[in-house]
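The analysis underlying the following values was restricted to heavy atoms, covering all of them including side chains, and did not include hydrogens, waters or symmetry mates. The chain is numbered in sequence order, starting from 1.
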Amino acid sequence: MAKRVAVVLAGCGVFDGSEVHEASAVLVHLSREGAQAEVYAPNIPQMHVVDHAKGQPTPEQRNVLVESARIARGNIKDLAQLDVKGLDALIIPGGFGVAKNLSTWATQGKNCSVCREVEDVLRAFHAAHKPIGLCCISPVLAAKIFPGCEVTVGHDTECEQWPYAKTAEAMKELGCRHVNSQVTEAHVDTRNRLVTTSAFMCNAPIHHIHDGVGKMVREVLRLA
């Protein structure tokens, strides 16, 4: 039987939704490993819409589920319909949508709240001892919900290669353990069954991002 993996998206586009390359890499690697991806997104408004050519917010209003359907080629379900009993694992790609739509990390940092449906799903998989894969900024969700967990967003010292390293410090303040890693690596928290990789938290060639996501996916499936 093929393993069934829920993939939760946060919109479409790095600055206001899911990072498209990360989401695509997750789906490609799941397919390559013979797993069945089931794509979900919360049916909620986006925090805002960003013109990705200009990097500036616009007056538009968009829906997270509707925008995520672009990546899923229309084959998507409302996150409210997710039933953990029929699924083997959960993966959440990164992108600013995680920090803007799935949580309020973008505006509140470590004092953020997590979207209720997203938190419920994360807690359900955790309680069922089913693996959870998180990449880029999405490990902040685990840091907020599961105190004491081990995660990686790459490195904890800011530099040109690691421009978002302060995220690691904020997660440490939440009581989790941050593990420095390379972009092509994934960290496995065996006790919490969490697998994390830095992806575009690193200023790296896109194929390195793809390789790191692949490592995360394989580790998630190994635990499933």
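Checked by atom type and distance alone, the side chain of T152 never pairs as donor or acceptor with a backbone atom of T196 at under 3.5 Å. Between the K110 side chain and the E173 main chain, no donor and acceptor come within less than 3.5 Å of each other. Judged by distance alone, the side chain of E33 and the main-chain N or O of A35 form no donor-acceptor pair under 3.5 Å. At distances below 3.5 Å, at least one donor-acceptor pair connects side-chain atoms of R4 with backbone N or O atoms of G86.
Heavy atoms from other residues, nucleotides or ligands lying under 6.0 Å from CG of N75 number 12 at most.
The distance from the NZ atom of K130 to the CG atom of L223 is 13.5 Å, given to the nearest 0.5 Å. For the atom pair C135 SG and K215 NZ, the distance stands at 14.5 Å (nearest 0.5 Å). Rounding to the nearest 0.5 Å gives a distance of 7.5 Å between SG of C112 and CG of L141. To the nearest 0.5 Å, atoms CD (E22) and CG (L9) are separated by 11.0 Å. Atom CH2 of W105 sits about 12.0 Å away from atom OG of S113, to the nearest 0.5 Å. Atom OH of Y40 is separated from atom CG of L82 by 4.5 Å, given to the nearest 0.5 angstrom.
Using a 3.5 Å distance cut-off with no hydrogens or angles, the side chains of H48 and D16 do not pair a donor with an acceptor. Counted by atom type alone, D189 and H187 present zero donor-acceptor pairs between their side chains at under 3.5 Å.
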**Asked** Hey, mind stepping through Q46 and E67 against side chain to side chain contact (heavy atoms under 4.5 Å, CB included) and telling me if it holds?
**Response** CA-CA 9 Å; Q46 290 187 186; E67 289 303 294; 3.3 Å; yes

**Request:** Determine, stepwise, if the pair Q56 / V50 fulfils side chain to side chain contact (heavy atoms under 4.5 Å, CB included).
**Result:** CA-CA 5 Å; Q56 298 292 329; V50 174; 5.9 Å; no

**Prompt:** Can you check side chain to side chain contact (heavy atoms under 4.5 Å, CB included) on L30 and I91, steps first, answer last?
**Reply:** CA-CA 10 Å; L30 285 172; I91 295 178; 4.2 Å; yes

**Request:** Any chance you could lay out the side chain to side chain contact (heavy atoms under 4.5 Å, CB included) test for I71 and S18, step after step, and finish with the verdict?
**Result:** CA-CA 9 Å; I71 297 174; S18 287; 4.2 Å; yes

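When the options V179, V195, L194 are evaluated for a side-chain contact (heavy atoms from CB on, under 4.5 Å) with V188, the one that passes is V195.
The pair E169-K172 counts as a salt bridge, with a side-chain nitrogen and a carboxylate oxygen less than 4.0 angstrom apart. Salt-bridge check for R222 with E219: passed, with a basic side-chain N closer than 4.0 Å to an acidic carboxylate O.
Classification of the H52-F15 ring pair by plane angle, with boundaries at 30° and 60°, yields tilted. Ring planes of H210 and H29: tilted class, angle from 30 to 60°.
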